[in-house]
Chemist: 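Just passing along the structure, written as structure tokens.
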Amino acid sequence: MSTQGTPTGSDFPDSVKRKARELAFFKCCYCHDQQGHEVHHLIPKEEGGLGTLDNAILLCVQCHSDYGHRADKRQQLRQARDHWYEIAAKRYGPEAFAQIANLDELATKDDLAGLESRVTGLFEQVMDNWRRGSTSTSDVVGIGSSMVNSIVAGNHDIGHSSMVFSRHCSNCESSANEIAMFCWKCGQPLD
């Protein structure tokens with residue numbers, strides 16, 4: 001309860017937002033024409049509406065603006081959501097929902113930023129060695145191989161589902177993709 005005696009609800013956790021988007025197949029549950037952007041509380045938080053899937057509806061920006069604040073539309077929105085969930089399940093089927101589940105395997109902005117940082121660091125290492133005149137062919141090959149490992153297989157979770165990790169470093173026991181010649185972690189030749 002809030003200090004004024006009005007019930008206070010809760011925000012949607014990310015898991016509920018994601019499930020609401022998946023069930024609606026990312027379309028507005030009301031108009032079905034636009035991509036859904038807003039996971040909306042059917043019963044507002046200010047009235048004690050909880051952050052549960054039962055209280056969630058995915059709406060496009062326009063439908064959220066037109067109907068989201070209207071108490072007289074709540075039942076209609078709930079019915080529209082339930083009906084759209086049925087349509088989406090029949091229209092898109094289990095195969096499409098399985099593809100949505102695979103979206104977890106896609107790289108995030110943080111993954112890409114980490115990759116960019118690693119590759120930039122490796123490039124700076126080559127340039128630093130070159131400026132000092134101490135870049136040998138094996139240094140370039142080792143650092144280049146590390147860059148390929150970072151991009152293709154990565155030492156994070158980009159693309160692991162489709163990569164073959166058949167090479168291993170006997171020095172630090174890291175795994176690498178099948179085309180890598182040198183360990184991304186320690187720079188040693190791979191087995």
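Both backbone and side-chain heavy atoms feed into the values below; hydrogens, waters and symmetry mates do not.
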Chemist: Test your reading of the model: is there a side-chain donor-acceptor pair from R21 to the backbone of L58, 3.5 Å cut-off?
Modeler: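 No: the side chain of R21 does not pair with the backbone of L58.
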Chemist: Counting heavy atoms not belonging to K19, are there more than 12 under 6.0 Å from its NZ?
Modeler: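 Count not over threshold, so no.
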Chemist: Say whether, by atom type as modelled, one donor and one acceptor occur between the side chain of S10 and the main chain of L50 under 3.5 angstrom.
Modeler: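 It does not hold such a pair.
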Chemist: Heavy atoms only: give me the nearest R78-D54 pair and the separation to one decimal.
Modeler: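 Heavy atoms only, the tightest pair is NH1-O, 2.9 Å.
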Chemist: State, to 0.1 Å, how close Y85 and A56 come at their nearest heavy-atom pair, and which atoms those are.
Modeler: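 Minimum heavy-atom contact is OH-O, 4.1 Å.
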Chemist: Of all the heavy-atom pairs spanning C60 and C28, show the shortest one and how long it is.
Modeler: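 Residues C60 and C28, closest heavy atoms: N-SG, 3.3 Å.
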Chemist: Please say yes or no: joined through hydrophobic side-chain contacts below 4.5 Å, possibly via intermediate residues, are L42 and Y30 part of one cluster?
Modeler: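 Cluster IDs for L42 and Y30 match.
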Chemist: State the CG-SG distance between L77 and C29, to the nearest 0.5 angstrom.
Modeler: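 Nearest 0.5 Å value for the CG-SG distance: 9.5 Å.
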Chemist: What's the verdict on salt bridge (charged side-chain N to carboxylate O under 4.0 Å, His left out) for E47 and R74, showing C-alpha distance, side-chain angles and the deciding distance?
Modeler: CA-CA 13 Å; E47 295 177 25; R74 289 182 191 163; 2.9 Å; yes
Chemist: Between H40 and Y67, does the ring centre distance come in under 6.0 Å?
Modeler: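 No; Y67 has its ring centre 6.0 Å or more from that of H40.
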Chemist: Quick check: closest heavy atoms across E38 and V61, and the distance to 0.1 Å?
Modeler: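 Residues E38 and V61, closest heavy atoms: OE2-CG2, 4.3 Å.
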Chemist: For the CD atom of Q76 and the CZ atom of R70, what is their distance to the nearest 0.5 Å?
Modeler: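 One gets 8.5 Å once the value is rounded to the nearest 0.5 Å.
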Chemist: Indicate the atoms forming the closest heavy-atom contact of T52 with V16, along with that distance.
Modeler: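 Heavy atoms only, the tightest pair is C-CG1, 3.8 Å.
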Chemist: Quick one: NZ on K90 to CD on E86, what's the gap to the nearest 0.5 Å?
Modeler: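 It is 6.0 Å, given to the nearest 0.5 Å.
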Chemist: Can you see which heavy atom on V39 is nearest to which on F12, and at what distance?
Modeler: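 Smallest heavy-atom distance, with atoms named: O-CE1, 3.5 Å.
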Chemist: Distance check, rounded to the nearest 0.5 Å: R91 atom CZ versus H32 atom NE2?
Modeler: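 One finds 8.5 Å between CZ of R91 and NE2 of H32.
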Chemist: Do H37 and Q35 pass the side chain to side chain contact (heavy atoms under 4.5 Å, CB included) test, and can you show the C-alpha distance, the side-chain angles, and the key distance before you say yes or no?
Modeler: CA-CA 6 Å; H37 292 286; Q35 180 179 1; 4.0 Å; yes
Chemist: Is the shortest side-chain heavy-atom distance between R18 and S15 below 4.5 Å?
Modeler: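 No, their side chains stay 4.5 Å or more apart.
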Chemist: Kindly say whether I57 contributes a backbone atom to a donor-acceptor pair with the side chain of H41 at under 3.5 angstrom?
Modeler: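 Side chain of H41 to backbone of I57, a donor-acceptor pair under 3.5 Å: no, none is there.
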